[in-house]
Amino acid sequence: MDNIIEIRNLVKSYENGHIKALNGIDLTIREGEFVSIIGPSGSGKSTLLNMLGALDLPDSGYINVAGYDLTSNKKLNKFRAQKIGFVFQLHNLIPNLSVVENIEIPMFTSKLSNKMMRKRALFLLDIVGLHDKAFQKPSKLSGGERQRVAIARALANNPSIILADEPTGSLDSKTSVKILAQLIDLHRNNNVTLIMVTHDMAVARLADRVIEVLDGKLVSVG
Amino acid sequence: MSFLKFIIKNPFRRKTSAILSIIGICIGIVVIVALGGITNGLVSSFEDTIHAGGADFSISGKETGNSAYGTNPIDANWTDKIANVSGVSEAMPIYVILTSVGNDYMNTLIGIEPNGTSMADISIKEGRMFENNSSEVILGKIYADANNLSVGDSLKVNGEDFKVVGIYETGDSNMAGGVFTSINKVAEINGDNNSISNIYVKVDKGQDPQKVADKIDSMYGDNITTISSVMEMEQMADMLNTLKASSWGISLLAVVVGALGIINTMLMSVFERTREIGVLKAVGWSNSKILTMIVGESLVITIVSAILGSVIGFVATTFLGPMMNVTPTFTPDIFVQAFVVAIIVGIIGGLYPAIKAVKLPPTEALRYE
């Protein structure tokens, strides 16, 4: 299988170089792979995930994701819209919009008609099992349900890669299992590359491969 | 859901803040519309007064100053002299006296020739014109309504019964409440056949009224004065400009206060939605889309304010104006101005918060608690 992610000697520092968040990372990830990134707080795992989603740019090194050279490409928003689906620790749904409208938000970047947007959003809600909650406000949903809406939103533009940053970090263990099962199902059924940052080793082991980041470096790739 | 619907929905997430902003801008728009209507009303009332009916200018006695109804009489034979001045198409005498009319101990009685309606800028709406030298009057609609008089009724003038033969309307607010009869009858009541109050002058087609008035001034300036509408307009233009400038000044102040309100609302909105803006960036929204969203939200607030402010300004001024003896005149340009101001305030008010939102690094925005 082809590599969907290629990273060479990636460096990112903050506060005028005093804090090295990433200190020479080399990594390749194959298309359709499920990779967990683990490491203690401040190790650089979230920075690495942000680099993969082009939310942040490296100081030096090479990073190519889904055919986009992120160090030289200027249309990063287009890359994010078309290739990446983010799932955050907090659902970050817009409170005054209905569940279905929240899923339509990423589709404003596409050329879909309003009708098509609605159709796709309802289809995605079906996939995450929340079709009956389509027209409710997020405040009426449980924590797990909101996170499932966030997963549906991540899938809105049919991304090649889902980047999940502690997606079960704010959920109880029972709900966490359901959410993880949902993510893994989506990854398997749609051949979507899934990259997940987590603290939890038990969760990390569900992945095809576990990457550990420590002090901005990959210490084990297993 | 369309992008437009999303923009329209967003400002009302924080209802209190949105309503306060709307009230702020609304006050500014009410001030613009109300002052615009009042200023226009004053200008048109002034123009009616100066215009001296359908005439180009009027002539009065030397001592009468600039009153169109100066009571210092001039000799009646001036009418023929003025009519003979080259460039003058028509000269019509008008005789205004104060006498007892109806229940009023003192009221103005205006005497004109029966064929002088167009020069006096009045038109008969009911009944007919009075006949020369008869005990007949025509009444302004306002006077007739106020005194409950109609055609066929009798009205006591200087102790004599006059028959109401007609009701007239006029664009000249000074004449709308008047009582007219024939000039000969007024002379008879006043006991002075050789005097008149003013002469209304119309110039030949193509002639400059100002030049004809200057000519009359140079010929007869020792005895009479021309009150040229053109001249008066020029003199009064400064006053009107000052009036307009002050009304704009007050409006601007109101708008600046409103604009600060909207900047504050939009800044608060961006501040509170920092994480959400981060999400929008993460899902691929371009900076221009985020900018459009925030400026659009600001415009939604100001356009709602413009609609409400225009309606409130119009209704309030229409009802309250007459109580303050002002008849407001609303022209489309007042509302166009109000909307243009609202849109400019909306763009300016939204732009700064929008630029702040666009400049937020997505990772920082997403970390925002």
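Since the model is a prediction, treat every value here as computed from it, not as a measurement. Proteins get letters first, then strands, A, B, ... in listed order; numbering begins at 1 in each.
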Trainee: Would you call Arg8(A) and Asp26(A) a salt bridge, taking side-chain N to carboxylate O under 4.0 Å as the test?
Mentor: no

Trainee: Given Arg148(A), which partner from the list Leu130(A), Val99(A), Leu125(A) fulfils the side chain to side chain contact (heavy atoms under 4.5 Å, CB included) test?
Mentor: Leu130(A)

Trainee: Relative to chain A, which segment of Lys289(B) carries a heavy atom at a distance below 4.5 Å: side chain, backbone, both, or neither?
Mentor: side chain

Trainee: Identify which part of Leu55(A) has an atom lying under 4.5 Å from any heavy atom of chain B, answering side chain, backbone, both or neither.
Mentor: both

Trainee: Who wins among Leu97(A), Leu93(A), Asn50(A) for the most heavy-atom pairs under 4.5 Å with chain B?
Mentor: Leu97(A)

Trainee: Heavy-atom cut-off 4.5 Å, strictly under: side chain, backbone, both or neither for Glu101(A) against chain B?
Mentor: both

Trainee: So which part of Phe108(A) gets closer than 4.5 Å to some heavy atom of chain B, the side chain, the backbone, both or neither?
Mentor: both

Trainee: So how far is it from Ile27(B) CD1 to Ile22(B) CD1, rounded to the nearest 0.5 Å?
Mentor: 12.5 Å

Trainee: So which part of Phe6(B) gets closer than 4.5 Å to some heavy atom of chain A, the side chain, the backbone, both or neither?
Mentor: side chain

Trainee: Could you check whether the rings of Phe79(A) and Tyr68(A) sit parallel, tilted or perpendicular, using 30° and 60° as the cut-offs?
Mentor: tilted

Trainee: In terms of heavy-atom proximity below 4.5 Å to chain A, should Asn287(B) be classed as side chain, backbone, both, or neither?
Mentor: neither

Trainee: So, Asp200(A) versus Thr198(A): side-chain donor-acceptor pair below 3.5 Å or not?
Mentor: no

Trainee: Please list, in residue-number order, every residue in residues 337-358 of chain B that has a heavy atom less than 4.5 Å from any heavy atom of chain A; write 'none' if there are none.
Mentor: none

Trainee: Under a 4.0 Å threshold between the charged nitrogen and the carboxylate oxygen, would Glu276(B) count as salt-bridged to Arg13(B)?
Mentor: yes

Trainee: From Asp172(A) CG over to Ile179(A) CD1, what is the distance, rounded to the nearest 0.5 angstrom?
Mentor: 10.0 Å

Trainee: Do you see a donor-acceptor pair shorter than 3.5 Å between the side chains of Thr109(A) and Asn77(A)?
Mentor: no

Trainee: Output yes when Glu297(B) and Arg273(B) qualify as a salt bridge under the 4.0 Å nitrogen-oxygen rule, no when they do not.
Mentor: yes

Trainee: At a heavy-atom distance under 4.5 Å, which candidate from Leu280(B), Val279(B), Val283(B) has the highest pair count against chain A?
Mentor: Val283(B)

Trainee: Using the side chain to side chain contact (heavy atoms under 4.5 Å, CB included) rule, pick out the option among Leu155(A), Ile151(A), Ile195(A) that qualifies with Ile162(A).
Mentor: Leu155(A)

